[in-house]
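In what follows, a structure is listed as structure tokens, so that the remarks can point back to it.
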Amino acid sequence: MASDRTMRDNMGKKTRARTRDKEEKDGETKMAASSSVLSMSKLIKPLWGGRLGNTVKVFGPTLTSRRERSSAAGENIPLPAKYGGRHTVTLIPGDGIGPELLNHVREVFRFSCVPVDFEVVNVNSAMTSEDDINNAITAIRRNGVALKGNIETNHTMPPSVKSRNNLLRTSLDLYANVMHCQSLPGVQTRHKDIDILIVRENTEGEYSSLEHESVTGVVESLKIITRTNSLRIADYAFKLAREKGRRRVTAVHKANIMKLGDGLFLQCCREVASGYPDLQFDAMIVDNTTMQLVSNPEQFDVMVMPNLYGNVVSNVCAGLVGGPGLVPGANYGKDYAVFETATRNTGKSIAGRNIANPTAMLLASCMMLDHLKLYEYASLLRTAILTCMNETRLHTADIGGQGTTSEVVQSIMKLIQSKGQLTTDL
Amino acid sequence: MTLRAALCALSRAVRPGGCGGLPLSRTLQVCGATIHASHPRQGSTYTPPPARYGGRHTVTLIPGDGIGPELANHVRELFWFCCVPVDFELVNVDSSLTAEDDINNAIMSIRRNGVALKGNLETNHNLPPSYKSRNNLLRTSLDLYANVMHCQSLPGVKTRHRNIDIMIIRENTEGEYSSLEHESVPGVVECLKIITRVNSLRIADFAFQTARQNGRRRITAVHKANIMKLGDGLFLECCKEVASGYPDIAFDTLIVDNATMQLVSRPQQFDMMLMPNLYGNVVSNVCAGLVGGPGLVPGANHGEHYALFEAGTRNTGRSIANRNSANPTAMLLASCLLLDHLKLPAYAHMIRRATLSTVTETRMHTADLGGQASTSDVIKSIRNAIQSTGPLTQSI
């Protein structure tokens with residue numbers, strides 16, 4: 001934990017220097033900046049047989065904004081804290097337990113004097129018009145970072161109503177979903193010593209929402225796998241593995257049946273793996289993977305996979321470490337980042353009853369603080385949460401205890417206060 | 001001609017639900033097999049292929065790759081030892097050849113015999129995509145539309161969860177396994193996942209009938225209809241329609257990610273699960289992992305006229321082949337399912353009881369269960385158990 005932090009601090013210093021240089025350069029005309037960006041992109045992407053149109057589209061937002069981002073995972077330069085040193089983050093409450101948990105996050109942030117302001121954007125999932133979600137997307141484009149609860153997708157609505165969560169992810173091109181499943185010391189589970197990092201492709205695959213019924217009674221769903229996206233996610237996974245000091249990356253696939261689709265994914269992973277000789281790479285079929293996960297999950301280190309397998313595997317891992325209330329998830333794109341709980345549950349049945357587990361959402365907000373380079377606040381909050389986890393009487397119903405959400409949040413705030421940090425009154 | 005017409009009329013009458021859009025040729029194609037075979041399946045009044053030659057059944061045996069051949073040999077030896085009236089017709093399928101002759105011979109043999117026992121055939125990823133998975137070819141050609149896997153906690157096997165008893169019904173022919181893929185633009189691959197009303201109704205009906213036969217109370221359909229609205233939405237709709245015809249059986253639905261998470265934390269809540277092909281693959285492997293691994297669970301593939309039995313999780317076990325360390329339990333239990341299907345319950349019961357009593361003995365656990373016994377040790381112990389219970393056996 002400490003070594004991670006010093007590594008990140010060192011990186012932070014380098015990128016801060018780079019930002020200063022870039023801001024000096026921004027005094028020049030925008031055209032020069034854009035041409036330098038384009039030439040840089042041509043250097044960076046020899047693998048992708050770069051279609052220029054694609055490059056320009058991906059860099060589109062960069063040209064118009066002042067934010068220059070490198071393509072490496074985790075080296076993203078956060079937005080400058082413009083207004084009095086305070087960051088503005090979009091907050092999307094969502095449905096079910098989302099609103100109450102995000103209220104708690106806001107409370108804790110206000111209590112710990114974290115320099116983050118939340119811009120709340122409500123998305124009503126019951127409406128068929130897409131205005132709400134478009135507003136949310138604009139807000140995230142403006143702020144660059146968001147924290148969200150899950151938005152419910154009602155199956156009984158006509159198929160033209162697309163999943164709001166999916167729309168968000170694809171419009172903002174949040175191509176990597178990262179989930180870190182770790183056995184927490186205070187939580188009783190059947191498996192111990194699990195530490196798996198799951199990198200899941202977030203925009204294509206089975207979630208393309210392209211379906212049609214050519215003949216009545218026969219539905220075709222299209223699963224799209226593209227070379228560029230597979231290379232991109234594989235690259236992200238290997239970079240992340242390197243950054244976090246991981247040894248092995250396992251690709252999960254079903255290429256014996258979907259030869260072209262998952263075969264392409266596997267091929268791209270292998271290509272990228274050849275550029276990282278220090279990391280071990282292997283591949284496993286998804287059914288064998290899930291079986292191994294259930295019997296022997298300690299063997300996995302970093303896993304990379306397309307969208308649907310990612311969904312299943314991440315839920316299995318979340319179940320192994322203690323349930324949906326404990327694991328945070330992050331969705332990273334080139335320019336934006338959205339943080340949420342990893343298993344994306346709305347928790348409709350426990351909404352409004354003060355029994356939801358706030359850990360996942362609070363840990364997600366810590367990941368957000370890490371992303372904004374507010375490391376001290378992040379580690380403070382994280383330590384408080386994990387200490388709280390060790391006390392069994394503060395466990396909520398989903399991990400077998402009887403504590404309420406407010407009790408857990410209160411004790412976290414007390415722990416933060418006891419560290420001597422400047423806090424507002426309780 | 002009249003028989004054909006009668007069958008078509010019958011099929012149209014039987015399926016009023018809404019397959020009106022299907023052209024006649026399709027109906028004929030589905031019924032085509034019925035005309036040639038002589039044993040239409042009718043739920044619980046099913047009659048197995050008659051034991052023609054001296055009261056002995058003939059069953060196709062496909063050894064497969066990896067641990068398949070050695071386990072198939074053990075099954076044959078055990079059947080011979082127990083004087084089971086089954087003769088095996090051995091058909092070897094070489095998975096490294098690109099020609100489809102081998103697998104076509106196997107399919108023809110199964111059409112002739114009606115029942116088969118097989119090991120898994122390996123699908124090499126390095127061969128060109130035109131080379132289809134042999135297992136998949138077998139299942140689709142014979143229209144083995146239902147895969148049934150019964151996962152039960154066995155008393156002697158130590159697992160993290162207890163009291164698991166889940167029956168998994170998985171659609172076996174369509175869904176993501178349609179092998180229809182194309183690359184219209186270089187670097188962009190489209191895989192087609194097909195869900196049809198006919199097949200969804202069929203598998204749902206199979207599931208509810210099986211539930212009724214086995215005294216199951218609840219069926220859970222697993223889907224991802226929030227994302228694949230048309231595809232899994234259709235599947236879900238068909239399940240709901242069929243469920244309305246079985247008011248004694250409770251029916252609920254669960255999204256696949258939530259289902260897998262629940263399986264890992266609390267698998268005792270599930271009774272019977274019904275799902276399309278890919279989710280079935282994942283869920284059945286998770287359940288197999290929960291009850292003790294791939295060496296313990298048998299699987300059955302049922303079609304209108306044919307039945308195929310194999311190890312539930314379809315592993316080739318290449319890394320442990322020929323080392324005498326494979327767990328024969330799954331294959332032996334699959335052969336018991338075969339005997340049940342052939343209406344030879346006494347033999348099935350005898351072999352099953354011996355196998356399960358051997359599995360409960362910890363010193364007879366093979367490496368995958370954490371023990372050190374070899375396959376031959378386990379088989380010997382099963383033989384001893386059978387001999388000691390008294391029925392006629394060959395001399396060892």
Side-chain angles (χ1 to χ4, degrees), chain A residues 49 153-155 158-159 161 163 166 190-191 206-207 209 211-213 215-228 254-264 266 286-295 308-309 311-316 318-320 322-324 343-345, chain B residues 18-22 123-125 129 131 133 136 160-161 176-177 179 181-183 186-198 224-234 236 256-258 260-265 278-279 281-282 284-286 288-290 292-294 313-315:
Chain A
T153 310
N154 195 344
H155 311 179
V161 177
S163 157
N166 204 12
R190 293 187 174 90
H191 303 265
E206 295 82 351
Y207 287 47
S209 300
E211 303 179 287
H212 52 268
E213 195 169 353
V215 175
T216 343
V218 178
V219 174
E220 291 181 348
S221 299
L222 291 167
K223 162 180 167 164
I224 315 281
I225 303 268
T226 54
R227 196 173 164 70
T228 39
K254 189 89 189 152
N256 51 345
I257 301 289
M258 284 176 264
K259 294 168 185 293
L260 284 188
D262 286 349
L264 176 62
L266 211 53
V286 62
D287 51 16
N288 193 17
T289 310
T290 43
M291 189 154 57
Q292 297 291 331
L293 269 174
V294 181
S295 26
L308 184 70
Y309 312 144
N311 187 12
V312 173
V313 168
S314 55
N315 275 268
V316 172
L320 293 174
T343 47
R344 302 174 179 165
N345 298 93
Chain B
C19 311
L22 275 181
T123 310
N124 194 343
H125 311 179
Y131 174 86
S133 157
N136 203 13
R160 292 185 176 92
H161 303 262
E176 296 81 352
Y177 287 49
S179 300
E181 306 176 285
H182 53 267
E183 194 168 356
V188 178
V189 174
E190 290 181 349
C191 300
L192 290 168
K193 162 180 165 162
I194 315 278
I195 302 270
T196 54
R197 197 174 163 72
V198 173
K224 188 89 188 153
N226 49 345
I227 301 288
M228 283 176 266
K229 295 170 184 292
L230 284 188
D232 286 349
L234 176 62
L236 215 53
V256 63
D257 51 15
N258 194 13
T260 43
M261 188 155 58
Q262 298 291 332
L263 268 174
V264 181
S265 25
L278 184 70
Y279 312 144
N281 187 13
V282 172
S284 55
N285 275 269
V286 171
L290 293 174
T313 48
R314 303 175 179 166
N315 297 94

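Worth knowing before you read on, the calculation uses all heavy atoms, side chains too, and leaves out hydrogens, waters and symmetry mates. Residue numbers start from 1 in every chain, and the chains themselves are labelled A, B, ... in the order their sequence lines are given, proteins ahead of strands.
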Worksheet, complete the sentence: Tightest non-hydrogen contact, residues A:Gly261 and B:Cys191, listed as CA-SG, 3.7 Å
Practice prompt. Please report the closest heavy-atom contact between B:Ala288 and A:Met291, naming both atoms and the distance.
Written response: CB-SD, 4.0 Å
Worksheet, complete the sentence: Pair count under 4.5 Å, heavy atoms only, with chain B: among A:Thr343, A:Asn256, A:Thr153, highest is A:Asn256
Worksheet, complete the sentence: chain B shares the most heavy-atom pairs under 4.5 Å, among A:Asp262, A:Leu308, A:Leu293, A:Ile224, with A:Ile224
Worksheet item: Checking A:Val161 against chain B: side chain, backbone, both or neither under 4.5 Å from a heavy atom?
Response: backbone
Just verifying a value: how many Å separate [X] [atom1] and [Y] [atom2], rounded to the nearest 0.5 Å?
X        : Y        : atom1 : atom2 : value
A:Lys223 : B:Glu176 : NZ    : CD    : 8.0 Å
A:Thr290 : B:Leu290 : OG1   : CG    : 10.0 Å
B:Glu183 : A:Leu264 : CD    : CG    : 6.5 Å
A:Ser221 : B:Ile227 : OG    : CD1   : 11.5 Å
B:Met228 : A:Ser209 : CE    : OG    : 9.0 Å
B:Ser284 : A:Asp287 : OG    : CG    : 7.5 Å

Practice prompt. Check whether any side-chain heavy atom of B:Val189 sits under 4.5 Å from a side-chain heavy atom of A:Leu260, and report yes or no.
Written response: yes
Item to complete: Go through the steps to decide whether A:Lys254 and B:Asn281 satisfy the test side-chain contact (heavy atoms from CB on, under 4.5 Å), and finish with yes or no.
Response: CA-CA 10 Å; A:Lys254 189 89 189 152; B:Asn281 187 13; 2.6 Å; yes
Practice prompt. Any chance you could lay out the side-chain contact (heavy atoms from CB on, under 4.5 Å) test for A:Leu222 and B:Leu192, step after step, and finish with the verdict?
Written response: CA-CA 5 Å; A:Leu222 291 167; B:Leu192 290 168; 3.1 Å; yes
Fill in: Verdict with reasoning, A:His191 to B:Arg160, per side-chain contact (heavy atoms from CB on, under 4.5 Å)
CA-CA 9 Å; A:His191 303 265; B:Arg160 292 185 176 92; 2.9 Å; yes
Item to complete: Keeping the roles fixed (side chain from B:Glu181, backbone from A:Lys259), state whether a donor-acceptor pair exists under 3.5 Å.
Response: yes
Worksheet entry | Side chain A:Arg190, main chain B:Ser265, donor-acceptor under 3.5 Å | yes
Name the option with the most non-hydrogen atom pairs under 4.5 Å to chain A; the candidates are [options].
options                                : answer
B:Val188, B:Asp257, B:Val282           : B:Asp257
B:Leu236, B:Asn285, B:Asn136, B:Leu263 : B:Asn285
B:Ala225, B:Gly289, B:Gly292           : B:Gly289

